[in-house]
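Here the structure is laid out as C-alpha cells; the discussion comes afterwards.
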Amino acid sequence: MKRFIKNVFALILSTAIAFSSVSIYTYADTLTENICSDTSSHSYDISSDIHNSEVRFSSANYPTLKACADSGINTLVVKVNISSYQSYNGQQPGIMPFVSFGEHWKNNDVWVNVNNTGSYEVKLDFSSIAPSSTETLQFGVQIANVSGPLTYSIEQAYLTGESNGSSSGGSGSSQGNTTHDYDVDIEYNYAKLLQESLYLFDANMCGNDVNENSGFTWRNDCHTYDSSIQYNGKTLDLSGGYHDAGDHVKFGLPAAYASTALALSYCQFPEAYENTGLKNHYDRIMNRFVDYFERCTVLDDNGDAIAFCYQVGEGGPDHSYSDIPENQPSSQRGNAFFADSSKPATDIVCQTAAALAIHAYNENDTTAYEYSKKLFKLAEGFISSNSADKLITYDGCGGFYSGTKWEDDYVLAAEWLYKYCEKNNISDKSAYYNAYKSKISSLYPGWVWSWDNATLPVNIFLLDSSVNSSEVANYIKGAVSSRTNSEGYTYFDSEGWGCARYNCALQACGLMYDAVNGTDLFGEWAKGQMNYILGNNSKHICYVVGYNDLAAKNPHHRAAFGTSGFPNGNVIHSAVGSIVGGSINSTDFPDSTADYKTSEVALDYNASLCVAAAGLYSYTMKNGSEEEKSAQYFLDAASLTDEMRQSVVEKDITLNDVKGDFNNDGISDSKDTALILKMITSAIKGNGLADMNGNGIIELIDAIKREEL
C-alpha cells in the first residue's frame, strides 16, 4: 500500500512538472589563479620543539576573504611532493591547507594523512570562513607531526572558483538534498521522531524522584546521596539533573549545551511541541534542567552567586563501574567540582546562563532570569580578575569535556539576556548589548555547534547588523561541500565520534537560520540528512533506537543494559528515541554496545536531534506535500514500548474528542484517512479516535467511514 501511494504521488508530481515552467542553469566560467612561483625542493631540519613546516602564499588579486567571495573564488588547491620525512614520536604525519587572516588561522579541519613519500593533493573550501572579512589574507599549507630532516616541494598551489553570476556556495541559493534514494520502505515522521527523542532525557534522569518522573519503568531513584554535597561549609542539595551519557557523571558543559539546544528548539519551533501534544513532556524535561542549575548556584548572604557546581562525579571512578546507576555506591561516584575564583570554568558558567536566559525568554520565568543574571555576573567577575589562560581552568573534566574558549558562550548568554530584557522592557539590556558588542566581531563560525563551540547559534541570533549573519549559511554550505561522503551524508569528526550528533547539530543550525531570517535554504538538505539517519542509507540502518524495524538495538548505555558489565547480545531495555553516534559511512556501523565510538548515546546527541526534528516538523507542515504532511503524527506513548510508565506518559498528550481526528489537529479530514491507512499497513498502534465503527479494531472500514464524513 505504501509503495502504491508513493507511485500515485509520483504520477501526480510528474504531471505537475509537465505543466510547470522549468528553469535550466548553466555553469559559469571557472576562475583559476596560480599563487606559487617557487616549485623547487626545500629541506628542513625540524627542531625538537617544533613538529611542523609551513609555507604561505599571497594573492594580489584576492587579498581578503571578502574579495574572494565577491569574485567567486572559494577553493585552495595545493599539490605537495614529499621526498623524505620522519614522523614525530609515532604520531600520524599529515598535510593541512589553511587560510590566515588577522589573528585567525582556519582550515575547516581538513587533514590528509602522509604514509609514504610521493605526491599529495589537498583542497580547502574556504567559502564558509568569514567571507565578509577584510583583513589581510594569506593562504598556506602545513606539514605536521614530522621531525628530523624533511624534504618537500610545492608542485602547484592555486585558487579556483566560479565567476560571479553563478552559485559559488554563498548564502543566496538553497543547499539541495545531497543524499541518494535507497528506496527503503520507511516512514519519515518527524513528529514521532521528536516525541521519541525526548525520552533519552527520561532514561538519563538522576535523583530521588526518578521513579515518579521518568517515563521508563526500568529507571528508578539513584545517587540520592547527591543531596548532601559540601562547599566551603555549606550543604547543598545537588540531587536531580541528568547523567551525561551511558555513564553516570553529571558533566557541566554537555548539560548546559543540551538545555540550551532544547530551549532553542521550543523557542524557534513551538508549533512542533504544541501541535503534537509534546509541550508537557518538554516542560518536564526543561524544568528539571532549570531547577538543577539553580540549586547548583551557590549564593552568598546578599543573594549574589559566588560559585557554581559544574560537575557531580568523576569520569575515572565512574568509568571503572559497570552496573546500573541505581546500584552505584558513593565510593565510585567521585567528587563534586565548583567554578569559583580559583577555577573559573567561565565557559560552563556562561553556557548555563544562556540556557537559563532562553528558558526565561520562552516561559517568562523571572526566577530563571534572575539566576541567569547572577551567573553572568559571576562570569564577568572571573573575566575581570583572571588572565586569559586561566578563564577556562577547572578540575574533574579530565579528558572528557575540557573546553577551549569562553567568548562564544559569553556572547550567547549576553544575546539572550538582552532579548529577555527587551521583551520585558528591562533597562539592563544596554549592559548585555555592550557585553555582546565587546566580543561578537571575533566570533566567526568555524566549527559545527557543539558543547565546546557556540559560534553558529551566536551568529544566528545577532542583535544588530554589524556582523553579517549570512556567514552562518556560508559555513553550512562549505561544510556540506567539504565533509559529505559518497552517500551524501555530512560528517565532522574524521575518527567517527558522534557523527549523527554533529550532523543533527548542523541540520539544527540550518533550520534555525531559515526560521530567523525568513529564508528557505536548508530544509531539503536537512530532510535528506535526517532521512539518511532514519534508514535511507546503503546499509538500511536507522541510528535512532526504536524508531523503526531498521533501528539500532544495542546502544552503549549502562542503565539500558539492565545488568552488571557489558551484555552479551542485545541490551535488556529499549532506550527508545536515543540517537547513537553512528559512523562516517553506514557500512561501518557494527551496532554493538562495546563499540562505544559508534553506539554511545548522550544528552548533547539527543538535544541536537530534538532541534532538528522540531525544525523538520515545522518545515514539512509549511512546505511539504500532502503525503508528507499526513505522515506527521504522534503515537500514544504506550505504543512506543511496553516499558513505559503510564502514570507519567499519560500526562504528555491530551487528545480532543473530535471523532475521526486521528492527528489531533482539531478537524477530521483527508489527513486522518491517510493516517488510518498508514496504521493498517504498518501495524502501528493508535488511539480510539481512529476506530470509526467502534468495534475495537482499526481497519480499512474505518478509513472508508472517515471519508463518508
Side-chain angles (χ1 to χ4, degrees), residues 200-201 203-210 214 219-259 288-289 291-298 306-349 351-352 392-403 451-452 556-561 563-566 593 596 600-605:
L200 180 276
F201 299 94
N204 279 37
M205 282 184 178
C206 181
N208 53 19
D209 59 348
V210 176
S214 173
R219 281 307 325 281
N220 286 289
D221 298 356
C222 65
H223 304 105
T224 56
Y225 42 76
D226 289 351
S227 61
S228 300
I229 289 178
Q230 300 295 312
Y231 175 77
N232 289 354
K234 291 178 177 285
T235 300
L236 304 173
D237 179 2
L238 302 184
S239 61
Y242 298 90
H243 305 146
D244 170 51
D247 51 27
H248 306 143
V249 182
K250 295 187 285 193
F251 285 109
L253 266 178
Y257 165 85
S259 52
R288 189 178 190 86
F289 270 118
D291 172 69
Y292 179 69
F293 292 153
E294 290 173 358
R295 286 187 288 109
C296 284
T297 305
V298 184
I306 56 174
F308 177 76
C309 181
Y310 59 82
Q311 183 174 323
V312 177
E314 296 181 68
D318 179 88
H319 281 61
S320 66
Y321 170 78
S322 58
D323 204 341
I324 61 175
E326 288 81 359
N327 294 341
Q328 188 171 31
S330 59
S331 60
Q332 289 191 277
R333 182 68 163 156
N335 297 312
F337 300 92
F338 292 81
D340 55 23
S341 57
S342 62
K343 296 289 177 67
T346 311
D347 51 347
I348 307 179
V349 173
Q351 184 74 215
T352 307
I392 54 172
T393 53
Y394 27 62
D395 293 321
C397 296
F400 297 94
Y401 294 104
S402 296
W451 53 264
D452 189 35
H556 182 85
H557 190 274
R558 290 200 301 248
F561 292 170
T563 184
S564 177
F566 285 87
T593 58
Y596 44 83
E600 184 81 84
V601 298
L603 295 180
D604 61 316
Y605 288 27

Self-check item: Gap separating the CG atom of L253 from the CG atom of L603, nearest 0.5 angstrom
Solution: 12.5 Å
Exercise. Evaluate the criterion salt bridge (charged side-chain N to carboxylate O under 4.0 Å, His left out) for residue pair R288 and D209; output intermediate values, then yes/no.
Key: CA-CA 11 Å; R288 189 178 190 86; D209 59 348; 2.7 Å; yes
Self-check item: Criterion side-chain contact (heavy atoms from CB on, under 4.5 Å) on V210 and N220, from CA distance to verdict
Solution: CA-CA 5 Å; V210 176; N220 286 289; 5.6 Å; no
Quiz item: For the atom pair CG (L236) and OG1 (T297), what is the distance rounded to the nearest 0.5 Å?
Solution: 10.0 Å
Quiz item: Would you say the ring centroid of F400 lies under 6.0 angstrom from that of H319?
Solution: yes
Quiz prompt | D395 and Y310, any side-chain heavy atoms less than 4.5 Å apart | solution = yes
Quiz item: Does the side chain of P329 reach to within under 4.5 Å of the side chain of Y321, using non-hydrogen atoms?
Solution: yes
Quiz item: Taking S228 for the side chain and Y225 for the main chain, is one N or O donor matched with an acceptor at less than 3.5 Å?
Solution: no
Quiz item: Where is the tightest heavy-atom contact between Q328 and D318, given as atom of each residue plus distance?
Solution: NE2-OD1, 3.2 Å
Quiz item: After noting the C-alpha distance and the side-chain angles of F561 and I324, does the key distance pass the side-chain contact (heavy atoms from CB on, under 4.5 Å) rule?
Solution: CA-CA 7 Å; F561 292 170; I324 61 175; 5.7 Å; no
Quiz item: Hey, does K343 have a side-chain heavy atom less than 4.5 Å from the side chain of F338?
Solution: no
Quiz item: Looking only at heavy atoms, which two atoms of I348 and G252 are closest? And how far apart?
Solution: CG2-C, 3.8 Å
Quiz item: Looking at side-chain heavy atoms only, is the closest gap between H223 and K250 below 4.5 Å?
Solution: no
Quiz item: Looking at side-chain heavy atoms only, is the closest gap between C222 and M205 below 4.5 Å?
Solution: no
Quiz prompt | Check: L238 and Y231 side chains under 4.5 Å, non-hydrogen atoms | solution = no
Self-check item: Donor-acceptor contact present, side-chain N204 to main-chain H243, <3.5 Å
Solution: yes
Quiz item: Roughly how far apart are E600 CD and Y605 OH, rounded to 0.5 Å?
Solution: 6.0 Å
Quiz item: Side chains of C206 and Y242: closer than 4.5 Å at any heavy-atom pair?
Solution: no
Practice problem: Of all the heavy-atom pairs spanning S214 and R219, show the shortest one and how long it is. | Solution: OG-CB, 3.7 Å
Quiz item: At their closest point, which heavy atom of N208 faces which heavy atom of S239, and how far apart are they?
Solution: ND2-OG, 4.1 Å
Exercise. Using the side-chain contact (heavy atoms from CB on, under 4.5 Å) rule, take R558 and D247 through it: C-alpha gap first, then chi angles, then the decisive distance, then the call.
Key: CA-CA 7 Å; R558 290 200 301 248; D247 51 27; 4.1 Å; yes
Quiz item: D347 and Y394: side-chain donor and acceptor closer than 3.5 Å?
Solution: yes
Practice problem: Looking only at non-hydrogen atoms, find the nearest pair between A245 and H557 and report the distance. | Solution: O-CD2, 3.8 Å
Quiz prompt | Beyond-backbone contact of V249 with Y401, side-chain heavy atoms, under 4.5 angstrom | solution = no
Self-check item: Minimal non-hydrogen separation, S259 against F289, with atom names
Solution: CB-CG, 3.7 Å
Quiz item: Partners of F337 by ring-ring contact (aromatic ring centres under 6.0 Å, His included), sequence neighbours excluded?
Solution: none
Quiz item: Hey, what do you get for CG (N335) to CD1 (I229), rounding to the nearest 0.5 Å?
Solution: 9.5 Å
Exercise. For Q230 and T235, run side-chain contact (heavy atoms from CB on, under 4.5 Å): C-alpha distance rounded to whole Å, both residues' side-chain angles, the deciding distance at 0.1 Å, then the answer.
Key: CA-CA 5 Å; Q230 300 295 312; T235 300; 2.7 Å; yes
